[in-house]
Amino acid sequence: MEYLAYYIYCSKLHPAEDYIIKQPEPYRSMLLHLQVIIEHSITNFELKYKWSIPFYYVNGMPFCYLNASHKKQFVDLVFVKGNQLTVFKEYHVIENRKKMISLRYKSLDTIDDTVIKAVLQEALMLQ
């Protein structure tokens with residue numbers, strides 16, 4: 001049996017993790033990669049399943065979330081206080097938002113860990 005199928009079969013996943021694991025490729029790989037970066041870069045987080053997406057809370061406050069858009073073919077890492085972020089602004093996607101920004105990815109090879117870690121660190125300082 002394939003490892004992923006076995007993992008899903010044998011474990012009771014958190015609903016947010018279930019969302020990620022059940023995504024078709026390439027979304028699943030991108031979401032898993034982003035999840036690893038987030039969870040290794042921040043502490044005192046809580047992963048929740050809010051509004052049908054994985055949502056990270058830090059110190060009890062909304063911090064960022066992951067969203068796979070199959071229709072538009074991308075994965076977003078969205079920061080709640082994104083309008084206050086200043087690092088790597090050239091990667092910020094705003095799209096009619098007043099407070100949030102996204103880091104948007106269309107393939108696994110476009111994910112730049114350095115950018116994500118820097119944005120995560122600045123977002124933590126704003127939290």
Side-chain angles (χ1 to χ4, degrees):
M1 185 181 291
E2 179 187 325
Y3 175 76
L4 182 59
Y6 179 76
Y7 179 76
I8 293 169
Y9 173 78
C10 290
S11 65
K12 293 186 178 190
L13 297 176
H14 182 286
E17 292 170 331
D18 191 49
Y19 168 92
I20 292 169
I21 293 297
K22 289 185 176 176
Q23 294 295 315
E25 288 298 345
Y27 309 102
R28 177 177 43 230
S29 293
M30 289 187 284
L31 290 166
L32 285 169
H33 188 86
L34 292 169
Q35 180 184 21
V36 168
I37 294 170
I38 293 166
E39 294 184 8
H40 282 89
S41 298
I42 63 176
T43 57
N44 298 325
F45 69 86
E46 183 178 1
L47 177 59
K48 296 184 178 189
Y49 189 64
K50 295 277 191 171
W51 303 285
S52 302
I53 53 175
F55 215 116
Y56 285 91
Y57 279 63
V58 173
N59 299 321
M61 300 294 294
F63 180 70
C64 68
Y65 64 87
L66 299 169
N67 183 44
S69 176
H70 297 203
K71 184 177 179 180
K72 296 182 180 178
Q73 300 182 332
F74 61 74
V75 167
D76 266 347
L77 168 55
V78 182
F79 291 89
V80 174
K81 294 183 177 181
N83 65 331
Q84 298 175 30
L85 297 171
T86 61
V87 295
F88 291 107
K89 285 191 91 141
E90 64 272 20
Y91 293 97
H92 296 187
V93 178
I94 298 170
E95 286 190 353
N96 300 321
R97 296 178 179 148
K98 292 182 181 178
K99 293 189 178 186
M100 296 186 207
I101 65 102
S102 299
L103 299 177
R104 182 166 291 167
Y105 304 100
K106 293 193 175 228
S107 66
L108 186 59
D109 61 338
T110 62
I111 297 175
D112 186 334
D113 295 8
T114 303
V115 171
I116 296 168
K117 289 175 184 178
V119 174
L120 282 166
Q121 290 309 308
E122 184 179 30
L124 278 173
M125 291 188 323
L126 297 170
Q127 191 69 7

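Model, not experiment: these values are computed from the prediction.
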If I take atom [atom1] from residue [X] and atom [atom2] from residue [Y], how far apart are they, to the nearest 0.5 angstrom?
| X | Y | atom1 | atom2 | value |
| --- | --- | --- | --- | --- |
| Leu66 | Tyr105 | CG | OH | 10.5 Å |
| Met125 | Gln84 | CE | CD | 11.5 Å |
| Lys89 | Ile94 | NZ | CD1 | 6.5 Å |
| Leu34 | Tyr56 | CG | OH | 9.0 Å |
| His92 | Thr86 | NE2 | OG1 | 7.5 Å |
| Ile42 | Gln127 | CD1 | CD | 9.0 Å |

Please tell me whether [X] and [Y] are part of a single hydrophobic cluster in this structure, the criterion being side-chain heavy atoms less than 4.5 Å apart.
| X | Y | answer |
| --- | --- | --- |
| Phe88 | Met100 | yes |
| Leu32 | Val36 | no |
| Ile101 | Trp51 | yes |
| Tyr65 | Phe74 | no |

Could you tell me whether the side chain of [Y] reaches within less than 4.5 Å of the side chain of [X], counting heavy atoms only?
| X | Y | answer |
| --- | --- | --- |
| Leu124 | Phe45 | no |
| Tyr19 | Asn67 | yes |
| Ile37 | Lys117 | yes |
| Leu77 | Ile38 | yes |
| Val78 | Arg97 | yes |

Specify whether Tyr27 and His70 have parallel, tilted or perpendicular ring planes, treating 30° as the upper limit for parallel and 60° as the lower limit for perpendicular.
parallel

To check you understand the geometry: which heavy-atom pair defines the closest contact between [X] and [Y], and what is its length?
| X | Y | answer |
| --- | --- | --- |
| Ala68 | Leu31 | CB-CD1, 4.1 Å |
| Leu108 | Ser29 | CD1-O, 3.7 Å |
| Asp113 | His33 | OD1-NE2, 2.8 Å |
| Phe79 | Ala123 | CD2-CB, 3.8 Å |
| Ile20 | Gln35 | CD1-OE1, 3.7 Å |
| Leu47 | His14 | O-NE2, 2.9 Å |

Of Val93, Ile116, Leu120, the residue whose pairing with Leu103 passes side chain to side chain contact (heavy atoms under 4.5 Å, CB included)
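The single option meeting the side chain to side chain contact (heavy atoms under 4.5 Å, CB included) with Leu103 is Ile116.
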
Do side-chain atoms of Arg104 reach the backbone of Asp76 as a donor and acceptor pair under 3.5 angstrom?
no

Taking Glu122 for its side chain and Ala118 for its backbone only, find out whether a donor-acceptor pair lies under 3.5 Å.
no

Within a reach of under 6.0 Å around NZ of Lys48, are more than 12 heavy atoms found that belong to other residues, nucleotides or ligands?
yes

